[in-house]
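Here is the structure we will look at, set down as structure tokens.
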Amino acid sequence: MEKQLHQRIFQRAKSGEQACISMINDWAKQIAAGLAQIILLFDPKCLLIGGGLSQQGDYLLNYVKTSYLLVRHNDKRLRLLSPFFNC
């Protein structure tokens, strides 16, 4: 049920529904703040983002990257990858 809800939120955001876009953007800001803390502690070259929501691929990662750049003041060292990244 929760997976279906997430899928609907992303579908509606992709079709331009502002409330869903705002919800995803707020969530991405929270993720970016957490990633900033991880990066400060461990200084990784890249982070692999997993979990069910990562199936949204670049759509979600773009929100997270944008939010991260705002939190870290344009620190472009980070590479965020989805688990579907082809190595």
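Computed from heavy atoms alone, side chains included, the values below leave out hydrogens, waters and symmetry copies. In this chain, numbering begins with 1 at the start of the sequence shown. Keep in mind the model is a prediction, meaning the values are calculated, not measured.
In this structure, I21 CD1 and M23 CE are separated by 11.0 Å, a value rounded to the nearest 0.5 Å. To the nearest 0.5 Å, atoms NZ (K65) and CG (L60) are separated by 10.5 Å. Of the inter-residue distances, the one linking S67 atom OG with Q30 atom CD reads 10.0 Å to the nearest 0.5 angstrom. The structure places CD1 of I24 at 7.0 Å from CD of Q56, a figure rounded to the nearest 0.5 Å. Distance CZ/F10 to CD/E17: 13.5 Å, rounded to 0.5 Å. Between atom CD1 of residue I31 and atom OH of residue Y68 there is a gap of 14.0 Å, rounded to the nearest 0.5 Å.
Considering only heavy atoms from C-beta on, L47 comes within 4.5 Å of I39 through its side chain.
T66 places a side-chain N or O within donor-acceptor distance of the main-chain N or O of N62, the cut-off being under 3.5 Å.
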Quick one: do V64 and I49 satisfy side chain to side chain contact (heavy atoms under 4.5 Å, CB included)? Show the steps, please.
CA-CA 10 Å; V64 174; I49 305 297; 5.7 Å; no
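L41 and L35 fall within the same hydrophobic cluster, where Ile, Leu, Val, Met, Phe, Trp and Tyr residues are linked whenever their side-chain heavy atoms come under 4.5 Å apart, directly or through other members.
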